[in-house]
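Being a predicted model, the structure only gives us computed values, none of them experimental. Just so you know, these numbers use all the heavy atoms, side chains as well, and skip hydrogens, waters and symmetry mates.
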Amino acid sequence: LNFLVNAGSLPITALLGLWLTQLTIKQYGSDINGLSVVITQIITVLLLLEGGLGVAINAILYKPFMDGNRKEVNAVLTAAKSTFRVVGVAFSIIAFIVAAFLPEFLATDVNASTIIILFIMAFIPTAIYLFFSLKYKPLYDVSQSEYIISGISVATNILGHLAAIISIYLKSDIIVVRFWIMFFFI
């Protein structure tokens with residue numbers, strides 16, 4: 001079921017992503033599209049702070065989960081919560097610093113406040129994921145129920161893309177378009 005949800009959603013999200021990219025370039029120009037790509041790449045690099053902790057927690061959880069040892073499972077999840085909170089704080093601090101200085105390093109006609117707002121809107125869902133959602137993901141992984149999280153993620157991803165596409169057709173500002181993506185990725 002995990003495979004079906006992930007594989008089945010891939011073509012849909014890929015096509016929506018391509019459509020959204022095409023509309024973004026057409027409506028706002030290549031500067032905004034390039035800025036979106038740069039922001040996504042920076043956030044991906046910042047996510048290296050997680051450093052495989054999720055995978056390590058999965059490995060630690062398998063035995064107590066399979067043994068039905070709820071006390072040990074809860075202890076691991078509590079430790080994971082604390083660890084991911086530290087990662088979330090570090091991620092957020094670094095992201096705010098990057099947001100403040102990013103306009104200085106980009107050769108673009110996009111104004112600095114728009115760059116900062118777009119960056120912050122892109123990192124908020126990731127910070128929320130690190131602070132709140134990631135601590136539960138290992139439990140879904142070891143119980144082979146990852147399809148639940150994947151299904152919700154895919155549905156909200158599709159809704160976010162559709163809301164953004166509709167906003168572009170309504171000739172909304174790029175900040176409104178990115179708001180819908182941020183809102184549905186939270």
Side-chain angles (χ1 to χ4, degrees), residues 1-10 12-14 16-17 36-102 116-164 178-186:
L1 200 51
N2 290 336
F3 173 78
L4 292 176
V5 169
N6 289 326
S9 65
L10 190 61
I12 296 167
T13 55
L16 284 173
S36 294
V37 170
V38 166
I39 288 170
T40 300
Q41 290 173 345
I42 290 170
I43 289 172
T44 301
V45 169
L46 290 178
L47 271 173
L48 292 174
L49 287 169
E50 191 264 344
L53 290 171
V55 174
I57 291 167
N58 282 355
I60 294 167
L61 267 180
Y62 271 112
K63 181 168 178 16
F65 181 82
M66 292 303 181
D67 293 344
N69 186 341
R70 287 179 175 226
K71 185 176 179 181
E72 194 172 340
V73 167
N74 286 333
V76 171
L77 291 176
T78 299
K81 178 181 175 182
S82 298
T83 303
F84 288 131
R85 187 177 300 132
V86 170
V87 172
V89 167
F91 173 83
S92 297
I93 290 169
I94 294 169
F96 273 116
I97 292 169
V98 170
F101 293 102
L102 185 61
I116 292 168
I117 291 168
L118 291 176
F119 188 85
I120 290 170
M121 290 173 75
F123 95 74
I124 285 174
T126 306
I128 289 172
Y129 174 71
L130 288 169
F131 277 110
F132 302 108
S133 303
L134 192 56
K135 64 185 172 196
Y136 297 111
K137 188 179 180 307
L139 188 57
Y140 284 96
D141 290 346
V142 298
S143 67
Q144 299 296 308
S145 302
E146 190 179 351
Y147 66 91
I148 296 170
I149 293 175
S150 295
I152 293 168
S153 178
V154 166
T156 57
N157 190 337
I158 289 170
L159 289 173
H161 277 75
L162 290 175
R178 296 305 299 183
F179 168 80
W180 289 115
I181 292 171
M182 176 194 74
F183 179 78
F184 283 104
F185 276 60
I186 290 179

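Ile39 approaches Ala122 most closely through the heavy-atom pair CG2-CB, 3.4 Å. Residues Gly88 and Leu130 come closest through the heavy atom pair CA-CB, 4.0 Å. Scanning all heavy atoms of the two residues, the minimum distance from Ser92 to Ala127 falls at OG-CB, 3.7 Å.
Taken from CG in Leu77 to CZ in Phe84, the straight-line distance is 9.5 Å, to the nearest 0.5 Å. In this structure, Leu102 CG and Ile42 CD1 are separated by 4.5 Å, a value rounded to the nearest 0.5 Å. The distance from the CD1 atom of Ile128 to the CE atom of Met182 is 8.0 Å, given to the nearest 0.5 Å.
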(message) Assess the residue pair Val37 and Gln41 against the criterion (side-chain contact (heavy atoms from CB on, under 4.5 Å)); give the C-alpha distance rounded to whole Å, side-chain angles, the decisive distance to 0.1 Å, and a yes or no.
(response) CA-CA 6 Å; Val37 170; Gln41 290 173 345; 3.7 Å; yes

(request) Decide side-chain contact (heavy atoms from CB on, under 4.5 Å) for Phe91 and Phe123; before the verdict, give the C-alpha distance in whole Å, the side-chain angles of both, and the deciding distance to 0.1 Å. (result) CA-CA 9 Å; Phe91 173 83; Phe123 95 74; 3.8 Å; yes

(message) Go through it in stages, so that I can follow the logic: the residues are Phe65 and Glu72, the test is side-chain contact (heavy atoms from CB on, under 4.5 Å), and I'd like the CA-CA distance, side-chain angles, deciding distance and then a yes or no.
(response) CA-CA 8 Å; Phe65 181 82; Glu72 194 172 340; over 6 Å; no

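Put simply, the side chain of Asp141 does not reach to within 4.5 Å of the side chain of Val55, judged on heavy atoms. Between Leu159 and Trp180, the closest side-chain pair of non-hydrogen atoms is not below 4.5 Å. Between Phe183 and Thr156 there is no side-chain heavy-atom pair separated by less than 4.5 Å.
Under the side chain to side chain contact (heavy atoms under 4.5 Å, CB included) rule, Pro64 has a single partner from Asn74, Val142, Val73, which is Val73. Tested against Asn157, the residues Ile12, Leu162, Thr13 include a single side chain to side chain contact (heavy atoms under 4.5 Å, CB included) partner, Thr13.
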